[in-house]
Amino acid sequence: MNMVQYDAPAIEKKWQARWAMANSFAASSDRTKPKYYVLEMFPYPSGRIHMGHVRNYTLGDVVARFRRAKGFNVLHPMGWDAFGLPAENAAIERGAHPGSWTRDNIASMRSQLKSMGLAYDWDREFATCDPNYYQHEQLMFLKFFEKGLAYRKESWVNWDPEENTVLANEQVVDGRGWRSGAIVERRRLSQWFLKITKYADELLAAIETLERWPDRVRLMQHNWIGKSEGARVKFRLSSDTVPIDAIEVFTTRPDTLFGASFIAVAANHPLALFLGESNRDAADFLVECARLGTSQALVETAEKRGFDTGLSAEHPLLAGRKLPIHIANFVLMEYGTGAIFGCPAHDQRDLDFARAYNLPVTPVVLPPDVNQNEFKIIQEAYTGPGKLINSGDWDGLDLEAGKQAAINALEAVGAGSAETTFRLRDWGVSRQRYWGCPIPIIYCDNCGAVPVPVKDLPVTLPEDVDFSKPGNPLANHPSWKNTSCPSCGNAAIREQDTFDTFFESSWYFLRYADPKSALGFSKEAAAYWLPVDQYIGGVEHAVLHLLYSRFFTRALSEVGYLDLGEPFAGLMTQGMVCHQTYQDRNGKWLFPTEVTRNGNDWRHCKTGETVKAGRIEKMSKSKRNVVDPEIIIESYGADTARLFMLSDSPPERDMEWTEAGVEGASRFLKRVYRMANDNTLPTIGTPPPTDGEGMELVRTTHKAIYGMSQDIEGFRLNRAVAQLHTLANAIANTKGESPSIAAARRFAVETLVQLIAPLTPHIAEELWETLGHQTMLADSTWPTANERLIADNIIEIGVQVNGKLRDTILLARDCTKQEAEGAALASPTIIRYLEDRVPKRVIVVPNRIINVVV
RNA sequence: GCGGCCGUGGCGGAAUUGGUAGACGCGCAGCGUUGAGGUCGCUGUGGGCUAACCCCCGUGGAAGUUCGAGUCUUCUCGGCCGCACCA
């Protein structure tokens, strides 16, 4: 046996250089080959890769290398989602310029990624903060604007009065700005929107066609779009002391109209705002609601609170019935019409509200098999099916018929009609930030909002910006915003907002198809490469990024860029990488590198103090339960890190990073390394045996090829790793020196090296060379399983008596049911179990199981 | 609140989708190799009863459907995730 040591760092550097020299992973321009587009969600260049990246890109790399070996023309690119808030925070906190900070980060992350040995076509790399990238989206925006897909309207934002800036929901903590601590206000700002709601129905319907997406993501998108069918109902105000004569309400339950006992409007409903101007108490209540924030989860779990306006509205179908109008904290202006009618008997929120404010509760739906006299609503609203009661002519109708009757009745009196609403709202793309793509619009006192002429694109960001003053640096810049109106020539000012960074990520997958194109991308390249065959990323993007991208491909198609509906044919959402947490006795979080373990005793490496080992949680800087991929790669090698990432848990599930697991992966690679360095193996070119003692190993090898291929295609990569272990065990367990066995061992080892290549490419490439090959494994084709050799001729079958396993017998594969039954009943063990009883039935599932029923 | 996911050995997880539960790995134990430790190799490892076999129990809990349930149905307990400006 050759005693060569597995030197991962040396091997990895060697093959990374060779692949780069040969440009091994460049996508070919040959359009006759079948294509395969593998894409991982591109990273924000935070400066260092973390284990989540390692997992994401390893998964993508396995797919890319596997497809390449299967003969596809693979596109597997990488780039940088380079605009965003952290760069501005760095500028504020450390005085770094966002541009140079970002470029430095990209440089260090690129070299970290390269050390992982990922099969990227690096020639297609780009960063979205480069004007060469964002100029194209400025043109896209102008085309959207031309077509009415982009428009301006006022909307509400979280405003930090101290920093003079708009805050993201996550930057609002307990109603205060995260950095300033100032109480956040809600403000109306004029902002740009993209008309995603135009495609609401289509985006919803097409979810059905996304067969290779996880169900949960499809469901989340379905719920996000939130289509509701119901009716719009107009309630006329009883008095004319306010300049509003009716409140329009959207309801999914027009059938419960006779159970209405109040009207509630959102705190930012026009009526509420009007009252807030003249009524001190109302104003106070509105301020209180504003403090609650905009998140639906908060709104719906908060205590139901309201303000009685003293006004009332007429029931549209019941002459003389007056409904009091309240302002309520649980009504959202953003959904429906910003006003509801409350039917406490059949909606829990309405009931909670009615109990708190002493409003009547009239049941109008009687559950099946319940006596009307006994039916009482106490603390729980009834939302199930039933027949209408207390509803005049509609009594006795089921709910569907009741809805139709209600709509007919409303239409007859001109008080309403059927309506469908969506939860989905248009996408606000304006951000009051510096580090984003400038919105190419000029405001002129005479001409209004005028597009920047195409010849003047791109509108680039000024470099000399000052982050020491609060507010948007673009707005604070002394001269950048001053320009002249393209249409009348008068002095005018530029739009100072930039795009939401989801704008960049909504079309980057198209840019990769043709990254040097002067058009952004050519129609021809997009037609060949798109859709993405396999997209991989975190489930945190399940809704927004993916939905915006789906919208973008449609919108870009509408304005002539391409002809595509769905951008991502296959989607895999990977789980998080977790690690145990540690705290010292003061509760301070400790890094795993600061802790040593001895059985169940955890101690601080330096002080020797006892450490509390806590829950296994997602790796996060705040809890310090992070492991730096760079250190793992330096000490064990990228192949070990990659292998462990794939080994233990299914890709879609959360995994736990453990030292023991890394050791295990490393051990396996060393074992494979030794197997291939066995100098007793026959020379290259020795064919696998066709008979003799070696056949069992040959068959096992074919089973491994088959299983591995199936498992990679099905993304069962933890099982794929298990296949490799099984094959390695079989090689180790095959003893003997006969020519048949030696030839089989050579075949098995060589195949093992091929099969492991998508997972741990460096060691595979090295061993391929060790085994005598002159060409690179990266250029060789995937082995094919001989199906004839996979199926065993004799199989072991379980025999049950009354469903309990009692014996196993050996049977010829695909034998007849009669033969199987005969063999089972002839088994001495089964005879003993049957005693003298006569089998009533014998169920034979061919090649699976036999069940004797007595 | 609304919607969803997950509960299988000491641990991560397999189970051809209703057909022999626990593949593969980690851990642990024993033996061998080694100057010792580690590496490496072999063997064992769900629980109970056993000298061993046999047998009994076993997929969070309870019921149901079925010849047969980890898998399907209903209820229940526990853990986790998402809900519109972080990326």
Side-chain angles (χ1 to χ4, degrees), chain A residues 41-46 81 83-86 89 157-158 166-172 178 191 214-217 219-220 222-224 226 294-302 304 330 334 348-349 352 423-425 427-433 500-502 505 538-545 547 576 644 647-650 652-656 658-661 663-665 667-668 670-671 674 707 710 716 718-726 728-729 732-733 796-809 829 840-854:
Chain A
M41 290 180 183
F42 67 163
Y44 178 79
S46 57
D81 188 13
F83 276 136
L85 216 40
N89 291 338
V157 294
N158 299 313
V166 175
L167 299 178
N169 275 346
E170 74 145 26
Q171 296 172 320
V172 181
W178 65 332
Q191 312 215 63
D215 285 343
R216 62 172 174 157
V217 174
L219 187 75
M220 281 164 90
H222 187 275
N223 293 343
W224 194 264
T294 54
S295 137
Q296 193 176 352
L298 279 174
V299 169
E300 287 185 16
T301 45
K304 305 289 175 282
F330 65 96
E334 292 75 15
Q348 192 59 46
R349 290 166 303 182
D352 294 345
R423 204 179 84 99
L424 182 70
R425 304 201 295 261
W427 171 17
V429 293
S430 297
R431 296 292 182 269
Q432 295 68 36
R433 307 262 157 73
D500 178 5
T501 56
F502 277 123
S505 56
V539 73
E540 63 272 24
H541 291 297
V543 179
L544 293 185
H545 162 58
L547 193 61
M576 297 181 298
F644 175 56
S647 291
D648 274 5
S649 301
E652 66 276 7
R653 219 175 299 178
D654 290 352
M655 65 168 288
E656 188 194 353
T658 60
E659 187 73 11
E663 289 287 347
R667 203 148 57 218
F668 179 68
K670 286 179 194 158
R671 190 172 178 220
R674 282 194 306 273
Q710 295 283 306
R716 295 178 295 264
N718 54 326
R719 279 201 350 186
V721 173
Q723 301 275 1
L724 296 170
H725 282 281
T726 307
N729 289 343
N733 290 331
E796 196 187 39
I797 298 281
V799 183
Q800 301 174 328
V801 177
N802 285 342
K804 284 197 167 184
L805 183 73
R806 294 304 180 189
D807 195 15
T808 54
I809 57 174
T829 319
K840 259 192 266 178
R841 268 172 85 186
V842 179
I843 290 153
V844 178
V845 182
N847 303 329
R848 284 282 158 76
I849 201 152
I850 299 163
N851 190 8
V852 182
V853 186
V854 292

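Sequence lines set the chain letters: A, B, ... in the order given, protein chains first and strands last, and positions in each chain run from 1. Only this structure's heavy atoms are used, side chains among them; waters, hydrogens and symmetry mates stay out.
As judged by a 4.0 angstrom heavy-atom cut-off over every strand, D352(A) is placed among residues making no nucleic acid contact. Using a 4.0 Å heavy-atom criterion, one finds that K804(A) contacts the sugar-phosphate atoms exclusively. Q710(A) comes within contact range of no nucleotide atom at all, as no heavy-atom separation falls under 4.0 Å. At a threshold of 4.0 angstrom between heavy atoms, the contacts of W427(A) with the nucleic acid are absent. E540(A) comes within 4.0 angstrom of a base, heavy atoms only. Residue D215(A) is classed as having no contact, given no heavy-atom separation below 4.0 Å to the nucleic acid. Residue-level contact check: T658(A) touches neither bases nor backbone, having no heavy atom under 4.0 Å from any strand.
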Contact pattern, 5' to 3', of nucleotides 14-20 of chain B - B, S or - by protein heavy atom under 4.0 Å: SSB--BB
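Between C26(B) and U17(B), the two P atoms lie 29 Å apart (nearest whole Å). Here the separation of G61(B) from C77(B), taken at their C1' atoms, is 7 Å to the nearest Å. A distance of about 44 Å separates the P atoms of G64(B) and G27(B), rounded to the whole Å. On the P atoms, G32(B) is 48 Å away from C80(B), given to the nearest whole Å. G46(B) sits 11 Å from U59(B) when the C1' atoms are compared, rounded to a whole Å. Remark: the separation of the C1' atoms in C42(B) and U33(B) is 11 Å, to the nearest Å. Comparing G13(B) with A23(B), their P atoms sit 15 Å apart, to the nearest whole Å. For the P atoms, the distance linking G70(B) with U8(B) amounts to 15 Å, nearest Å.
Between the R716(A) side chain and the Q710(A) main chain, a donor and an acceptor come within less than 3.5 Å of each other.
Of the candidates G3(B), C86(B), C56(B), the closest approach to any side-chain atom of R806(A) belongs to C56(B). Of the candidate nucleotides G3(B), C83(B), C57(B), G3(B) has the atom nearest to the side chain of N223(A). Distance from the side chain of R667(A) is smallest for C26(B) among the nucleotides C26(B), A87(B), C42(B). If you check G25(B), A87(B), G4(B) against the side chain of R216(A), the one that comes closest is G4(B).
Protein atom CG of L724(A) is 18 Å distant from nucleotide atom P of A23(B), rounded to whole Å. R671(A) places its CZ atom 11 Å from the C1' atom of C42(B), with the value rounded to the nearest Å. The interatomic distance linking H545(A) (NE2) with G82(B) (C1') rounds to 17 Å, in whole Å. Distance CE (M655(A)) to P (G25(B)): 17 Å, rounded to an integer number of Å. Rounding to whole angstrom units, CZ of residue R841(A) and P of U66(B) are separated by 11 Å. Whole-Å rounding puts the F668(A) CZ to G12(B) P distance at 22 Å. Regarding L544(A), its CG atom lies at a distance of 12 Å from the C1' atom of C86(B), rounded to whole Å. Computed from coordinates, the F330(A) CZ to C2(B) P distance equals 14 Å when rounded to whole Å.
Scanning for side-chain contact (heavy atoms from CB on, under 4.5 Å) contacts around T726(A) gives an empty result, with sequence neighbours left out. The side-chain contact (heavy atoms from CB on, under 4.5 Å) test applied to E540(A) returns no partner, not counting sequence neighbours. Legend: residues meeting side chain to side chain donor-acceptor pair (under 3.5 Å) with N851(A), ordered by chain and number and at least two apart, are absent.
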Check: residues 798-806 of chain A side-chain donor-acceptor pairs under 3.5 Å, at least two apart:
from: N802(A); atom 1: OD1; to: V854(A); atom 2: N; distance (Å): 3.0
from: R806(A); atom 1: NH1; to: Y833(A); atom 2: OH; distance (Å): 3.3

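To the nearest 0.5 angstrom, Q723(A) atom CD is 10.5 Å from N718(A) atom CG. In this structure, CZ in F502(A) is found 5.0 Å from CG in L544(A), a value given to the nearest 0.5 Å. Atoms CD1 and CD1, on I850(A) and I809(A) in that order, are 4.0 Å from each other to the nearest 0.5 Å.
Taking only side-chain nitrogens and oxygens, R349(A) never comes nearer than 4.0 Å to OP1 or OP2 of G1(B). Taking 4.0 angstrom as the limit, N733(A) places a side-chain polar atom (N or O) nearer than this to OP1 or OP2 of C42(B). OP1 or OP2 of A87(B) lies within a sub-4.0 Å distance of a side-chain N or O belonging to T501(A).
Ring geometry for H725(A) versus F668(A): interplanar angle of 30 to 60°, hence tilted.
By the rule that a glycosidic angle within 90° of 0 means syn, U17(B) counts as syn. A glycosidic torsion no more than 90° from 0 defines the syn conformation; G35(B) lies beyond that range and is anti.
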Watson-Crick and G-U pairing of RNA chain B written in dot-bracket, each distance under 3.5 angstrom, with | for inter-strand partners: (((((((..(((......[....)))((((((.......))))))(((......)))..(((((..]....))))))))))))....
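Where M576(A) and V853(A) meet RNA chain B, the nucleotide closest to each residue was compared, and V853(A) sits on the side nearer the 5' end. Between Q432(A) and D654(A), it is D654(A) whose nearest contact on RNA chain B lies nearer the 5' terminus.
Closest approach of E652(A) and R216(A) over heavy atoms only: O-NH2, 4.1 Å. Scanning both residues, M655(A) and S649(A), for their nearest heavy atoms gives CB-OG, 3.7 Å.
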Stepwise side-chain contact (heavy atoms from CB on, under 4.5 Å) test for R671(A) and N729(A): CA-CA 10 Å; R671(A) 190 172 178 220; N729(A) 289 343; 2.9 Å; yes
